[in-house]
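What follows is one structure encoded as structure tokens, with my remarks underneath.
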Amino acid sequence: PIWMDPTRLHAYFVALAGPAVALQAHMLEEVIAALGVCQGIDGGEIQRLSQAFSDGQLEPGFHLVAKGEAAQPGRDAQLDILVPLPDPTPVPRPMEVRTHQRVARRMPPTEGKPGRDLLGNVLPAYRGLNLATYAGANLWIEHEGESEIFCAGEDGALKINGEELAVIRLLKLNGDVNFRTGNLSFSGQVFIDGSLKPSFCVEAGEDIAIVGNVERGASAKARGISL
């Protein structure tokens, strides 16, 4: 017998154990045609099965004699960050960028490739999912073929906030906040590779990251603080 799976993408000749009627290639082809199969018929396999039967070497089981073409879905949109990611640390380091630097690439979704089942029916293919990505502050977009390239408009740190990319101003201090630096007030992100000494204050319009300690009497005020 011939068995066609529910997807109508595969048809098998089922070789049963025990005595069987003579198996000839044209017999299999007629049964397959009677099922309406007109796509992906493997004539070579049908001939092989017929010869194996004649030689007494036909193995019981399922033998694929026709195969349709499954639809291939399109590729989803893809966002690649082009800025080297900092090494993982307990206190996250900023993704530093320079003016005009390419910081990200967005590839659009692609169309899928339709398929065809064993009965000749076209199987629709789905387009890949879109990925909404917006250029926020201090970024502009260049087009390179079908890709969108996000470029930095000034020096700073790349910030990813959901669907939005932005470059924010960055103040990076290699050392402590103390009498040498005085109190700090900055509109962007502050990264302190040191400690916040007693009685000193740091304020930021974005986040503050402090690698060292916040000592007694010191204070920090920002959207978010990482210690």
Side-chain angles (χ1 to χ4, degrees), residues 73-110 126-227:
R75 186 198 66 221
D76 293 345
Q78 181 176 322
L79 181 68
D80 296 324
I81 301 300
L82 306 179
V83 180
L85 298 177
D87 294 332
T89 55
V91 178
R93 293 180 176 271
M95 290 187 286
E96 296 184 63
V97 299
R98 299 297 182 190
T99 305
H100 304 304
Q101 181 179 346
R102 294 180 165 201
V103 301
R105 177 188 292 111
R106 179 186 177 275
M107 298 287 290
T110 61
Y126 297 100
R127 178 180 172 85
L129 297 176
N130 197 13
L131 174 66
T133 307
Y134 305 101
N138 303 314
L139 278 178
W140 82 83
I141 294 177
E142 294 180 347
H143 292 276
E144 188 175 89
E146 295 184 349
S147 300
E148 294 178 342
I149 308 298
F150 293 76
C151 302
E154 66 173 33
D155 294 354
L158 178 63
K159 182 176 182 180
I160 304 173
N161 184 18
E163 298 175 343
E164 184 181 71
L165 303 180
V167 172
I168 57 177
R169 298 182 66 204
L170 174 65
L171 174 61
K172 189 175 180 182
L173 181 64
N174 295 315
D176 299 332
V177 177
N178 51 25
F179 287 104
R180 180 180 61 84
T181 63
N183 294 326
L184 300 178
S185 179
F186 190 67
S187 61
Q189 179 178 350
V190 176
F191 182 83
I192 301 170
D193 201 356
S195 296
L196 186 53
K197 291 300 183 178
S199 301
F200 286 93
C201 174
V202 176
E203 295 184 359
E206 295 289 342
D207 296 338
I208 295 175
I210 303 173
V211 174
N213 300 314
V214 177
E215 299 185 10
R216 181 175 297 179
S219 64
K221 181 179 180 182
R223 288 187 178 182
I225 299 176
S226 299
L227 301 173

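Residue pairs meeting the salt bridge (charged side-chain N to carboxylate O under 4.0 Å, His left out) criterion with at least one partner in residues 131-143, sequence neighbours excluded, are absent. Listed by first and then second residue, the ring-ring contact (aromatic ring centres under 6.0 Å, His included) pairs involving residues 145-177 amount to none (not counting sequence neighbours). Among residue pairs with one or both ends in residues 206-227, none qualify as ring-ring contact (aromatic ring centres under 6.0 Å, His included); sequence neighbours excluded.
Under the rule for a side-chain contact (heavy atoms from CB on, under 4.5 Å), the partners of Tyr134 that lie at least two apart in sequence or sit in another chain are Ala132, Glu163. The salt bridge (charged side-chain N to carboxylate O under 4.0 Å, His left out) search around Arg169 returns none, not counting sequence neighbours. Taking Arg127 as the reference, Glu111 meet the side-chain hydrogen bond (donor to acceptor under 3.5 Å, both in side chains) condition, with sequence neighbours excluded.
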Could you pull out all donor-acceptor pairs under 3.5 Å where a side-chain atom in residues 79-90 meets a protein atom, sequence neighbours excluded?
| from | atom 1 | to | atom 2 | distance (Å) |
| --- | --- | --- | --- | --- |
| Asp80 | OD1 | Gln78 | NE2 | 2.9 |
| Asp80 | OD2 | Gln78 | NE2 | 3.3 |
| Thr89 | OG1 | Val91 | O | 2.5 |

Show the atom names and distances, to 0.1 Å, of all donor-acceptor pairs under 3.5 Å that link a side chain in residues 207-221 to residues at least two apart or in another chain.
| from | atom 1 | to | atom 2 | distance (Å) |
| --- | --- | --- | --- | --- |
| Asp207 | OD1 | Gly224 | N | 3.2 |
| Glu215 | OE2 | Lys197 | NZ | 3.0 |

If you look only at distance, which donor and acceptor atoms sit under 3.5 Å apart when one is on a side chain in residues 96-109 and the other is two or more places apart or in another chain?
| from | atom 1 | to | atom 2 | distance (Å) |
| --- | --- | --- | --- | --- |
| Glu96 | OE2 | Lys172 | NZ | 2.7 |
| Thr99 | OG1 | Asp155 | N | 3.1 |
| Thr99 | OG1 | Asp155 | OD1 | 3.0 |
| Gln101 | OE1 | Arg98 | N | 2.9 |
| Arg102 | NH1 | Glu144 | OE2 | 3.1 |
| Arg102 | NH2 | Glu144 | OE2 | 2.8 |
| Arg106 | NE | Leu131 | O | 2.8 |
| Arg106 | NH2 | Asn130 | OD1 | 2.4 |
| Arg106 | NH2 | Leu131 | O | 3.1 |

Could you list the donor-acceptor pairs under 3.5 angstrom formed by side chains in residues 178-185, with sequence neighbours left out?
| from | atom 1 | to | atom 2 | distance (Å) |
| --- | --- | --- | --- | --- |
| Asn178 | OD1 | Arg180 | N | 2.9 |
| Thr181 | OG1 | Asn178 | N | 3.0 |
| Thr181 | OG1 | Asn178 | O | 3.2 |
| Asn183 | OD1 | Cys201 | N | 2.8 |

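Interatomic distance, Ser187 OG to Leu171 CG, rounded to the nearest 0.5 Å: 9.5 Å. Note that CG of Leu170 and CG of Leu158 are 11.5 Å apart. Values are rounded to the nearest 0.5 Å.
Taking each heavy atom of Thr110 and Arg75 in turn, the nearest pair found is OG1-N, 2.8 Å. Minimum interatomic distance between Ala152 and Val167 (heavy atoms only, all atoms of both residues): CB-CG2, 4.0 Å.
With Asp176 contributing its side chain and Ser195 its backbone, the two residues share a donor-acceptor pair below 3.5 Å.
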